[in-house]
Amino acid sequence: MRLHRNLTFAVIDSIRDIFNEGVYADKAVEKALKRDKRWGARDRKFVAETIYDIVRWNRLYAEIAEVKAPYDRDNIWRLFSVWCILRGIALPDWNQVGDVPERKIKGRFDELSRTRKFRESIPDWMDEMCAKELGEELWTKEIAALNVQANVILRTNTLNISKEILQKKLHAENISTETVPNHPDALVLPERANVFKTEAFHNGFFEVQDASSQLVAAYLDVKPGMKVIDTCAGAGGKTLHLSALMENKGQIIAMDIYESKLRKLKVRAKRNKAHNIDMRVIDSTKPIKKLHGKADRILIDAPCSGLGVLRRNPDSKWKLQPEFIENIKKVQQEILQQYAPMLKPGGKMVYATCSVLPSENQEQVQKFLTSEAGKQFTLVSDKKVFAHISGFDGFYMALMEKKLP
């Protein structure tokens, strides 16, 4: 493989933006891919995957290169050189590269790979906290799986098309897909492709959504004609899935504290031809109180650490802080307490996170169930999804039922 200057410089600039300017990796990649319209699919793949690789393995590479963030330009070139050596890519004869001690790099890699926090490239605090909560053996397996690049997974929008016909339409656009066992609407791409440019996407035939995330709406056990509240709807991936499961019948109230996210949902709902979604901004306690005792189903897709989706957001390893996790646990409990009263007696509620930590998951549910508001609820079932078992994102979901008076 021969390195090209313009592609490599796009990678170097993006690493600088991510680690020195606090730019999110997905935004940095998006910006990098707009640098040159002449780049083909292979060029774009190199830029995106190399940026994500250096972000994902940043601690390991930084230890080998003996550099610390924030990085000056020479330091970023040293990180890049380590990436090249460990991937067997010949270094170019450029001024920026300098002398690279190949044997030393490989020796340091072998030595550091014996220690989990270096091998899996994670901060000390994260390694300690997760090992304490999950146990050494489970955490060792899970973090290894969370460092594997995520596949592109599609969810068929069954309002508009069947999975079989969607596969044929995508095949006609040179995108091959495979079905996913135990995920009725999911398709996985064996090779990455820009699916957002397809006619099938513009016609609202699918959404990009991880297979684990697709389990959540189904877990809520919705039926056509119900009144369903999605309390932390965001840009609405699960809201749209609920609409499809309800066959566009009944009412979904998508709520969020961010109006900007609901605006994105509005655009997506129009493309999906999902007509049973109403959007409400939570700007005070009024919208919640108005709905007390009204919902047949409630989904609480709670804000969380996102530790289950590190495969997609590897920069979270460096942006997350222990204080954020402690604070988000308080928010999770507040949300359960505030939103649960919107459920009718006999109704069902799902609490879900994309975290693998028991303190964000089953411990939050138990805390809620023993509280005053939670005494009216019983736990029907819960599901823990681990990346090392499923091959998809780490998730948690708990189904609760409100007792009849």
Side-chain angles (χ1 to χ4, degrees), residues 24-30 33 41 44-45 48-49 51-52 146 148-218 230 232-245 254 261-274 277 299 301 306 308-316 352 354 385 387 390-395:
Y24 284 100
D26 59 339
K27 299 295 177 200
V29 168
E30 203 177 299
L33 295 179
R44 296 166 68 83
K45 185 175 188 253
E49 290 187 3
I51 293 168
Y52 275 122
L146 290 171
V148 176
Q149 185 188 39
N151 288 322
V152 178
I153 314 276
L154 312 180
R155 178 183 59 75
T156 310
N157 178 15
T158 53
L159 290 176
N160 298 335
I161 200 166
S162 71
K163 186 168 68 175
E164 292 72 26
I165 295 172
L166 173 60
Q167 273 194 291
K168 286 174 186 169
K169 287 195 177 289
L170 287 169
H171 185 71
E173 296 193 60
N174 297 316
I175 292 176
S176 62
T177 57
E178 294 169 0
T179 57
V180 182
N182 305 315
H183 294 77
D185 303 327
L187 291 171
V188 59
L189 271 63
E191 282 186 37
R192 298 180 82 79
N194 187 353
V195 293
F196 299 113
K197 284 190 170 178
T198 61
E199 200 177 313
F201 177 73
H202 291 294
N203 287 334
F205 292 159
F206 68 85
E207 288 290 328
V208 174
Q209 186 179 11
D210 187 77
S212 297
S213 179
Q214 293 186 36
L215 297 171
V216 177
D230 186 352
C232 308
K238 296 177 186 72
T239 319
L240 296 168
H241 193 187
L242 287 168
S243 179
L245 292 169
K261 289 185 177 180
L262 293 176
R263 277 201 294 270
K264 286 180 185 171
L265 170 53
K266 194 173 184 179
V267 173
R268 293 173 79 186
K270 190 177 177 184
R271 187 182 63 247
N272 275 251
K273 297 181 179 64
I277 302 169
L299 173 58
D301 182 22
V309 292
L310 289 179
R311 302 177 323 140
R312 292 174 193 288
N313 307 312
D315 53 330
S316 290
C354 54
V385 184
S390 68
F392 305 113
D393 290 344
F395 254 84

Hey, mind stepping through D26 and Y52 against side-chain contact (heavy atoms from CB on, under 4.5 Å) and telling me if it holds? CA-CA 9 Å; D26 59 339; Y52 275 122; 3.5 Å; yes
Over all heavy atoms of both residues, which pair between A269 and L240 is shortest? Give the atoms and the distance, please. CA-CD2, 3.7 Å
Who pairs with A28 by side chain to side chain contact (heavy atoms under 4.5 Å, CB included), at least two apart in sequence or on another chain? S14, I18, V23
Near-ring test F196/H202, centroid separation under 6.0 angstrom: no
How far apart are the closest heavy atoms of K264 and A235, and which atoms are they? CB-CB, 4.2 Å
Taken in chain and number order and not counting sequence neighbours, the residues that satisfy side chain to side chain contact (heavy atoms under 4.5 Å, CB included) with K273 are N160, H275
Donor-acceptor pair, D210 side chain versus S212 backbone, under 3.5 Å? yes
Between CG on residue N151 and CD on residue E178, distance to nearest 0.5 Å: 9.0 Å
Electrostatic pair E164-K169, nearest N-O below 4.0 angstrom: no
State, yes or no, whether a side-chain contact exists between L189 and L154 at a heavy-atom distance under 4.5 Å. yes
Considering only heavy atoms from C-beta outward, does the side chain of P190 approach that of S176 to under 4.5 Å? yes
Working to the nearest 0.5 Å, report the span between CZ of R155 and CD of Q214. 6.5 Å
State which residues pass side chain to side chain contact (heavy atoms under 4.5 Å, CB included) with P184; sequence neighbours excluded, sorted by chain then number. none
Can you confirm whether N182 sits close enough to L215 that some side-chain heavy atom of one is under 4.5 Å from a side-chain heavy atom of the other? no
How many angstroms lie between atom NZ of K168 and atom NZ of K163, to the nearest 0.5 angstrom? 13.5 Å
Looking at side-chain heavy atoms only, is the closest gap between L187 and T179 below 4.5 Å? yes
Just verifying a value: how many Å separate K261 NZ and C232 SG, rounded to the nearest 0.5 Å? 9.5 Å
Working for side-chain contact (heavy atoms from CB on, under 4.5 Å), residues F392 and I153: CA-CA 9 Å; F392 305 113; I153 314 276; 3.6 Å; yes
Non-neighbouring partners of Q167 that pass side-chain hydrogen bond (donor to acceptor under 3.5 Å, both in side chains), sequence neighbours left out: T177
Restricting to non-hydrogen atoms, name the atom on D185 and the atom on H241 that form the minimum distance, rounded to 0.1 Å. OD2-NE2, 3.6 Å
Kindly give the heavy-atom pair with the smallest separation between S390 and V385, and that separation in Å. OG-CG1, 3.7 Å
Not counting sequence neighbours, which residues clear side-chain hydrogen bond (donor to acceptor under 3.5 Å, both in side chains) with D393? List them please. R311, R312
Ignoring hydrogens and geometry beyond distance, is a side-chain donor-acceptor pair present between E207 and N157 at under 3.5 Å? no
Is K238 salt-bridged to D301, going by a charged N under 4.0 Å from an acidic O? yes
Side chain to side chain contact (heavy atoms under 4.5 Å, CB included) test vs T239 passes for just one of L299, L262, N272, L265, namely L265
Closest non-hydrogen atom pair between S162 and T156, with its separation: C-CG2, 3.8 Å
Set of residues satisfying side chain to side chain contact (heavy atoms under 4.5 Å, CB included) with respect to T198, sequence neighbours excluded: L170, E173, I175, A200, F201, F206
Taking every non-hydrogen atom, the tightest pair across I277 and S243: CD1-CB, 4.1 Å
